[in-house]
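Reading through the structure tokens given below for one structure.
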Amino acid sequence: MLSKSIEAALNKQIRIEAESSQVYLAMAVWAEVKGFEGISNFMYDQSDEEREHMLKLVKFINERGGHAQISELNAPNISYSSFKEMFKKLLDHEVFVSESINELVHISLQEKDYATHNFLQWYVAEQIEEEAMARTILDKINMIGDDKGGLYLFDRDIQQLTVSSAADTPGGA
Ligand code: OFO
């Protein structure tokens, strides 16, 4: 059974994951409209993953006798000045999500809720991967700079990045 404070903290995380999904969906749309299919597909996949993260929390809260809250969401940014700016925002956002997960882990330990603590370990591992992926992409984008040809090649190669990261996490989200 979840305590009221853990339930509230987990519900806050549902909203963060749902907003992450919207943020990445808006990035996917922006890239698609600009004609970058690879980057766009990558962001659509990211958006789907965040929805999965959100649903995992919903199920956990309900299974533990709580009531998952589906709330209104803040509107995401819908355009960017460059891909560099967009991927910087992606990294900043993942760092923010990691901090939020860390705070949740902290609360679960304080309350001696070891079931929730155990459940959260999946998110801790996932955030390490997502931050690393965002940093790798940002490094590449920084190297490319404003070079159109470089961006074109990156748009093709980002699909490889997605495929190899999926292969690294068998059965992972
Ligand atoms: Fe990438 O944020 Fe979910 O966990």
Side-chain angles (χ1 to χ4, degrees), residues 2 6-32 38-64 66 68-78 80 83-109 113-141 158-173:
L2 294 172
I6 297 263
E7 185 177 345
L10 289 169
N11 269 317
K12 194 169 145 234
Q13 192 64 31
I14 286 185
R15 180 172 180 164
I16 289 175
E17 302 292 346
E19 285 179 347
S20 300
S21 181
Q22 295 295 92
V23 166
Y24 299 154
L25 184 58
M27 287 179 176
V29 169
W30 185 73
E32 187 162 54
I39 296 173
S40 170
N41 285 338
F42 173 82
M43 297 312 307
Y44 278 121
D45 287 347
Q46 288 300 115
S47 175
D48 283 349
E49 279 197 20
E50 298 302 344
R51 183 176 157 79
E52 289 298 319
H53 299 172
M54 187 265 297
L55 283 173
K56 247 176 150 66
L57 283 154
V58 166
K59 298 281 182 198
F60 180 76
I61 292 173
N62 289 347
E63 272 167 17
R64 303 273 304 149
Q69 301 298 305
I70 308 303
S71 67
E72 81 283 7
L73 304 175
N74 285 324
N77 197 354
I78 55 165
Y80 295 89
F83 280 109
K84 186 173 164 178
E85 188 203 359
M86 188 189 88
F87 283 113
K88 174 80 176 77
K89 286 269 157 48
L90 172 84
L91 174 60
D92 290 348
H93 191 76
E94 288 303 330
V95 169
F96 160 75
V97 173
S98 297
E99 282 165 4
S100 175
I101 297 289
N102 283 347
E103 184 56 27
L104 263 174
V105 171
H106 177 70
I107 298 170
S108 69
L109 281 179
D113 181 342
Y114 298 113
T116 297
H117 183 266
N118 185 49
F119 167 75
L120 289 171
Q121 296 314 302
W122 183 87
Y123 287 84
V124 172
E126 180 72 12
Q127 282 313 116
I128 292 171
E129 257 186 46
E130 294 204 341
E131 274 191 44
M133 164 79 84
R135 282 200 178 85
T136 304
I137 290 174
L138 197 55
D139 285 348
K140 287 192 196 301
I141 288 282
I158 196 171
Q159 301 191 348
Q160 270 315 111
L161 258 180
T162 327
V163 170
S164 54
S165 92
D168 287 346
T169 51

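Since the model is a prediction, treat every value here as computed from it, not as a measurement. Order of listing sets the numbers, starting from 1, for every ligand and every atom in it. Both backbone and side-chain heavy atoms feed into the values below; hydrogens, waters and symmetry mates do not.
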(message) Could you tell me if H53 and E50 have a donor-acceptor pair between their side chains, going purely by distance under 3.5 Å?
(response) yes
(request) Can you sort out which atoms of ligand 1 are near E17, meaning under 4.0 Å from one of its heavy atoms? (result) 2 (O), 3 (Fe), 4 (O)
(message) Main chain of A132, side chain of T136: is a donor-acceptor contact present, judged purely on distance under 3.5 Å?
(response) yes
(message) Could you check whether any side-chain N or O of N118 sits under 3.5 Å from a backbone N or O of Y114, counting only pairs where one atom can act as donor and the other as acceptor?
(response) no
(message) Among the N, O or S atoms of H53, which one sits nearest to atom 3 (Fe) of ligand 1?
(response) ND1
(message) For atom 2 (O) of ligand 1, what is the closest protein heavy atom, and at what distance to 0.1 Å?
(response) E50 OE1, 2.7 Å
(request) With atom 4 (O) of ligand 1 as the reference point, say which of M133, Q127, E126 has the nearest heavy atom. (result) Q127
(request) Mind reading off the angle at atom 1 (Fe) of ligand 1 between the OE2 atom of E94 and the OE1 atom of E130, rounded to 10°? (result) 80°
(message) Between V97 and Q127, is there a side-chain heavy-atom distance shorter than 4.5 Å?
(response) yes
(request) Anything under 30° is parallel, anything over 60° is perpendicular, the rest tilted; go ahead and classify F42 against F87. (result) tilted
